[in-house]
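Here the structure is a predicted model, which is why all the values come from computation and not from measurement.
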Amino acid sequence: MEHEVRRDSLYAWVLATRPKTLAAALSPVLVGCSLAVWAGVFRPVPALLCMLFAVLMQIASNFINDVSDFEQGNDREDRLGPRRACAQGWISPKKMKAGIAVDLALALCAGLPLAWYGGWSMLGVALVCLVCAYLYSAGPYPLAAHGWGDVMVLVFFGLVAVGFTYYVQAGAWSPQATLAGLAVGVCINLLLTINNFRDRDQDRISGKKTLIARFGAEFGLRYYLAQGGFACAFALCLMPHGLFWAGLLPLLFLPLHYRVWSMMSSIYEGRALNRCLGLTSRNILVFSALLAAGLLLDAVLK
């Protein structure tokens, strides 16, 4: 139980990583690697490095969000989402910042060797990822608080994560990488959408300008439902590029997506929406696994 968390304990740090969000880091790398298998260019070492870099960057982003929300006063008593480490006193802001520095150093250790496989441009990509992880929820203009979170997720968890996982193995970009990146990025953005839907009223009080805080709950429900359809639509666009099963299998995700949307519509507000958060994370993994399985099946059959 959260009330049993000891200050600065290993369990406190594990909770601070927000394990349920790590699906957002693993899913695009899984798809990028499966696309590399289909193209006949899979290389295990850069694939592993991409996975380590992605997970470490996700954890760094979570740590930065934790301490920045605490220092900006956004983690109030009326918070509906899962408890945060700094706000609960599990980890002090000073130690959280030290943890961020260690995590980013480890991420660089995983990212720098990718220059050997993808060229020195990969160093630039890694540095941009580090800077944007900070700017997402911190700095003088936190991007997520000004409505740019959805764009950031689509770009970094979709196009960048899938595309460059493929690129460091293939040595080139491809239309398939773009489409797969868009499909995964839109799907992963469901996690941000359910968070913003749950927190819409608190975000307005805090001055956050997320899309749902701006346009309301009914927009949020339509937005959540539509994104599942768009994710599958981008996957279907892979079919003319010789990826029949990669386009077809992700459609099996839609019934699961609709059920969570129905639950979200029924609950509508309050902490009970956290149930939808966990199910959304599961659905992201399901979608990515189906897309990856389709890519591997296409690789076997081509």
Any side-chain hydrogen bond (donor to acceptor under 3.5 Å, both in side chains) pairs touching residues 109-121, not counting sequence neighbours? none
Distance-only, no hydrogens or angles: does the D298 side chain make a donor-acceptor pair with backbone N or O of A246 under 3.5 Å? yes
Do V37 and V184 sit in one hydrophobic cluster, given that two such residues count as connected whenever their side-chain heavy atoms are within less than 4.5 Å of each other, even indirectly? no
Just by distance, do the side chain of T21 and the backbone of R18 share a donor-acceptor pair under 3.5 Å? yes
Give the table of side-chain donor-acceptor pairs shorter than 3.5 Å for residues 152-170, with sequence neighbours excluded, one pair per line with atom names and distance.
unit_1	atom_1	unit_2	atom_2	d
T165	OG1	A161	O	2.6
Q169	OE1	R43	N	3.0
Q169	NE2	T165	O	2.8

Quick check on the hydrophobic clustering: are V14 and L277 connected, directly or via other members, by side-chain heavy-atom contacts under 4.5 Å? no
Geometric class of the Y141/H146 ring pair [parallel <30°, tilted 30-60°, perpendicular >60°]: parallel
Show me the donor-acceptor pairs within less than 3.5 Å that the side chains of residues 252-262 make with the rest of the protein, sequence neighbours left out.
unit_1	atom_1	unit_2	atom_2	d
H257	NE2	Y224	O	3.2
H257	NE2	L225	O	3.2
W261	NE1	L221	O	3.0
S262	OG	Y258	O	3.0

Row check, Y268 ring normal vs R200 NZ/CZ: under 6.0 Å, within 45°: yes
Between CG of L279 and NZ of K20, what distance do you get to the nearest 0.5 Å? 8.5 Å
Roughly how far, to the nearest 0.5 Å, is CZ of R275 from OG1 of T280? 12.0 Å
Please check: side-chain N/O of S206 versus main-chain N/O of D203, any donor-acceptor pairing under 3.5 Å? no
When rounded to the nearest 0.5 angstrom, what is the spacing between CG in D66 and CD in E71? 10.0 Å
Does any donor atom in the side chain of Y223 or N189 lie under 3.5 Å from an acceptor atom in the other side chain? yes
Closer than 3.5 angstrom, by distance alone: can the side chain of D199 be matched with the main-chain N or O of N196 as a donor-acceptor pair? no
Going by an N to O cut-off under 4.0 Å, is there a salt bridge joining R204 and D201? yes
Rounded distance (nearest 0.5 Å) linking atom CG of L192 with atom CG of L211: 8.5 Å
Drop me the distance from F244's CZ to M239's CE, to the nearest 0.5 angstrom. 4.5 Å
Rounded distance (nearest 0.5 Å) linking atom CG of L243 with atom CG of L301: 11.5 Å
Do S68 side-chain atoms and N65 backbone N/O form a donor-acceptor pair below 3.5 Å? yes
Take I267 and M263, measure what side-chain contact (heavy atoms from CB on, under 4.5 Å) needs, and give me the verdict at the end. CA-CA 6 Å; I267 297 172; M263 181 185 295; 3.6 Å; yes
